[in-house]
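Keep in mind that this is a model prediction, so the values were computed, not measured.
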Amino acid sequence: LNKLQEVKLTESATNRSLAEHNLSQQSRIEQGRRALISAHKEAADLGRHHRELTSRLSGGQQGESLETLHSLLQSACLEAEEKSDSILDQFQSKRMSLPEFINKYTEARALYHTRRAKTDKVTEISNQRIVQASSAYRTTNMPPAMPPVGPFGPPPVPPQHAAMPPYYYPPNYYGAPLKFEFLIPLRVLSSSATKENQAQVIRCHSDKKREDKSRSNGGTFAAVTASVAMATVANTVYDVTNFVDSHPGGEKILLAAGKDVEPFWDLYAVHKSPHVLSILAEYAIARLTAADALELQRRKASEQSDDGGKFANEPKRSPLLVPINKRPYNAMSPPEILMDHYYTPNAIHFVRNHLPVPKLPEDANSHRVKLDLKDPTNEEKVNRSLNVTVEQLRNDFPRVSYDVTLACAGNRRNEMAQWRQARGLEWRQTAVSNARWTGAPLHLVLKKLFGLDLDKARKLGYRHVQFEGMDGDSITGDFYGASVPVEVALDESRGLLLAYEMNGEAIPADHGYPLRVIVPGAIGARSVKWLCRIALSRQESSSFWLRSDYKTFQPSLYTPTVEDFVRAPAQLYWPVVSAICWPPDGHVIRDGYGADEDEVVQIRGYAFSGAGAGVVRVEVTTDDGNTWQLAQWCNLDDAPDDVDDSLHQPFGQRWAWRLWEATVPAPKPGQSVTIACKAVDDNGNQQPERWSSVWNARGLLGNAWHRVT
């Protein structure tokens, strides 16, 4: 009760400070907003619009009145709109071929570039003032701790803008002004949305045998159709011609071909990271009209409220989870509760969804999984195929249970990103949970149904076992998938399961109901949820997430290219790792505690290793590694009686975590202490001290010493 009272007093003081801070912030925000509005008005008067339109004023004489300048701009806007409508009508009525349409667009761009130089003097002063006003607005309205908004957050549109010219729109207020701000009607962007045109656009872009001029024309048009759709993510248009070749999913961007690419964008949570938005902002060229922006919002709201929407199958979740992304849903286990259970309750088991939860069958036993033996010489050909139901797996195969700790490969990425920015969701230390998984051993299923053991599979030319889930990308038609080497899949000691129960219950929807493959000791991405297909192949899975995502690189490689991803091996197992779950970083001990030398702070955390290696000890330090003390294993009520016995988890099959605790002297009043932990596994491997040695651009396998103050 005393502690609760202290917390309430602290919260009250904090709230008073925040209120005072907000009052001062409001004043500065209002000043910055006024400055921004003033700059916008000046920009409108000076005619800073779409550079292609303002270039039509190149014949104007210095000293012309602002009224004349504004009148010319309006005329140019109307003329350009009529011309674009004419070109669109010809294209839609099939009076203009796609190549002709591309050529006319290219000519217009060339004309724009020649006129661009003549309009620099007109825009120079306005650009400078807008940058200054934007900078002032950022400084007052967005403290450093907030993620950048950029083109992905609607900029403030004060009522004064209603009186401005119809084609004017505020600039990207998180950075320099947009390259040009002509508002593009959405219907112009969707004219090539048919499959036939889509194929033509992609072929023009990727055909390396065409002449340079034709290839560049195709690339520009493809980029425009793709970026046009991507603009609907935030009503912003992007020219991604120079971006697609360096992006791991670049070819998927082109599949939009003039259609709305926002569903594709939203499916990949990494796109919402601040550094990704800042990269994309460099390619911004224009915005959609206000009317079309509102129409897109209406369509999106309608889709999301419709049962047929891509997120229509999301289950109810525990409010105890700590979400870091809502669509697709990703959430951490609550660190304060995680250490209270050896088996993490299903409701608070961390959730990692790469895509929306698919539509799931009501009857788990009737769910079918397709098993294929692919032709080792031809990946597209299947030599033998059959189906097996969950009911058959329950009745025809041994029921086996294993304690397995699953962890997202990005666990602790937020710490790694504090040393240097890393790509991906910023998981803290609780993207990890432990459960008892029950199912049929994969090696027995393949042996009984196909007569395959490891030796026979290798002689037939099989090198990988591929897994595919029901969760799909509605834009590209791809499904989430992964694979493991046959030496892992067909080895009994590796413990791969086709699991249908989690902690003695049917697997919850978020965790793979009705069937999930469990790959013990591996990163969570290999344990494919909502399993619908298993295939033996000479090749590893072609899934984007296996080929172009879950891979690590040397710390000096800041920006991996597509070629880097192709060359790097896919990550399979975890290294040794430990982390502190209590107390949290920045925890404040009650006033006066620590004055007595006997007063201590209790530390609790977890440790695990990959590939079946067990953790033999955890060490804790309060002096940056000069001295260490051993932690003790926790004895929890729900832990197996033989959890410390090798019979529970034999050597090489220690797939579950160890929960540990330690006590350290409390800091003296007015002082602080930084606590660090590290684990050592069966093989003598231990965690590195610094992030500099394990940092990688994807932010995977974070296992440096964990520190809390």
Side-chain angles (χ1 to χ4, degrees), residues 332-333 335 338-339 350 405-420 422 424 426-434 520-524 550 552-555 571-585 603-634 649 652 654-664 673-709:
M332 300 176 290
S333 299
L338 189 61
M339 296 296 96
F350 89 96
T405 295
L406 294 180
C408 176
N411 189 47
R412 299 182 59 199
R413 181 182 285 127
N414 77 311
E415 300 168 57
M416 187 183 292
Q418 290 171 16
W419 188 79
R420 182 186 295 149
E426 292 205 1
W427 297 98
R428 298 193 286 278
Q429 79 274 33
T430 55
V432 55
S433 299
N434 188 61
I523 62 174
Y550 286 99
T552 61
F553 306 93
Q554 67 272 27
Q571 186 62 41
L572 178 57
Y573 286 121
W574 264 99
V576 64
V577 62
S578 69
I580 298 168
C581 288
W582 183 264
D585 190 33
I603 313 300
R604 302 178 69 194
Y606 65 80
F608 66 92
S609 192
V615 174
V616 296
R617 69 179 184 272
V618 174
E619 303 168 4
V620 176
T621 180
T622 57
D623 56 9
D624 204 26
N626 291 317
T627 59
W628 295 88
Q629 70 178 75
L630 287 179
Q632 306 300 314
W633 303 128
C634 293
Q649 289 196 314
R654 294 169 182 170
W655 301 310
W657 63 12
R658 301 301 304 270
L659 304 183
W660 55 268
E661 59 186 2
T663 56
V664 299
V673 61
T674 297
I675 308 161
C677 69
K678 68 171 181 174
V680 182
D681 69 12
D682 288 334
N683 302 315
N685 298 317
Q686 54 186 294
Q687 295 170 247
E689 178 181 358
R690 304 293 175 190
W691 286 111
S692 56
S693 60
V694 295
W695 183 90
N696 57 90
R698 274 293 282 114
L700 305 180
L701 309 184
N703 74 328
W705 295 359
H706 188 219
R707 293 173 167 86
V708 299
T709 299

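- Within the model, atoms CE of M416 and OG of S692 stand 11.0 Å from one another, a figure rounded to the nearest 0.5 Å.
- Atoms CD and CD1, from Q632 and I603 in turn, are 13.5 Å apart once rounded to the nearest 0.5 Å.
- The backbone N or O of P688 sits nowhere less than 3.5 Å from a side-chain atom of Q686 that would complete a donor-acceptor pair.
- The side-chain heavy atoms of C581 and T430, taken from C-beta on, include a pair separated by under 4.5 Å.
- Both tests do not hold together for R698 against F553: distance to the six-membered ring centre under 6.0 Å, angle to the ring axis within 45°.
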Acceptor/donor pairs from residues 701-709 side chains to any protein atom, 3.5 angstrom cut, sequence neighbours excluded:
| residue | atom | partner | partner atom | Å |
| --- | --- | --- | --- | --- |
| N703 | ND2 | V576 | O | 3.0 |
| W705 | NE1 | Q687 | O | 3.3 |
| H706 | ND1 | I580 | N | 2.7 |
| R707 | NH1 | E689 | O | 3.3 |
| R707 | NH2 | D624 | OD1 | 3.4 |
| T709 | OG1 | T674 | OG1 | 3.0 |

Worked verdict on Y606 versus Q429 for side-chain contact (heavy atoms from CB on, under 4.5 Å) = CA-CA 10 Å; Y606 65 80; Q429 79 274 33; 4.0 Å; yes
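- Between E619 and L630, the closest side-chain pair of non-hydrogen atoms falls below 4.5 Å.
- In this structure, F608 and A407 approach most closely via the heavy-atom pair CZ-CB, 3.7 Å.
- Across C408 and W427, no two heavy atoms sit closer than the pair SG-NE1, 3.5 Å.
- How far OH of Y550 is from CG of L572: 14.0 Å, rounded to the nearest 0.5 Å.
- Minimum heavy-atom separation, S333 to L338: CB-CD1, 3.7 Å.
- Closest non-hydrogen pair, A417 versus A422, comes out as CB-N, 4.1 Å.
- Taking both residues in full, the closest heavy atoms of T621 and T627 are given as OG1-O, 2.8 Å, listed atom of the first, atom of the second, then distance.
- By the salt bridge (Lys or Arg N to Asp or Glu O under 4.0 Å) test, R413 is found to be paired with no residue, residues two or more places apart in sequence or in another chain being considered.
- Just one residue in the list T405, D681, D682 forms a side chain to side chain donor-acceptor pair (under 3.5 Å) with R654, and that residue is D682.
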query = F350 and L406: side-chain contact (heavy atoms from CB on, under 4.5 Å), yes or no, with the steps?
reply = CA-CA 9 Å; F350 89 96; L406 294 180; 4.3 Å; yes
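- Remark: the backbone N or O of R420 is paired with a side-chain donor or acceptor of W695 at under 3.5 angstrom.
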message = For M332 and N411: C-alpha separation, side-chain torsions, deciding distance, then whether side-chain contact (heavy atoms from CB on, under 4.5 Å) applies.
response = CA-CA 9 Å; M332 300 176 290; N411 189 47; over 6 Å; no
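- Rounded to the nearest 0.5 angstrom, E426 CD and R412 CZ are separated by 14.0 Å.
- Cation-pi geometry between R658 and W633 is met: under 6.0 angstrom from the ring centre, within 45 degrees of the axis.
- Between V664 and Q629, the closest side-chain pair of non-hydrogen atoms falls below 4.5 Å.
- Closest approach of W628 and A676 over heavy atoms only: CZ3-O, 4.2 Å.
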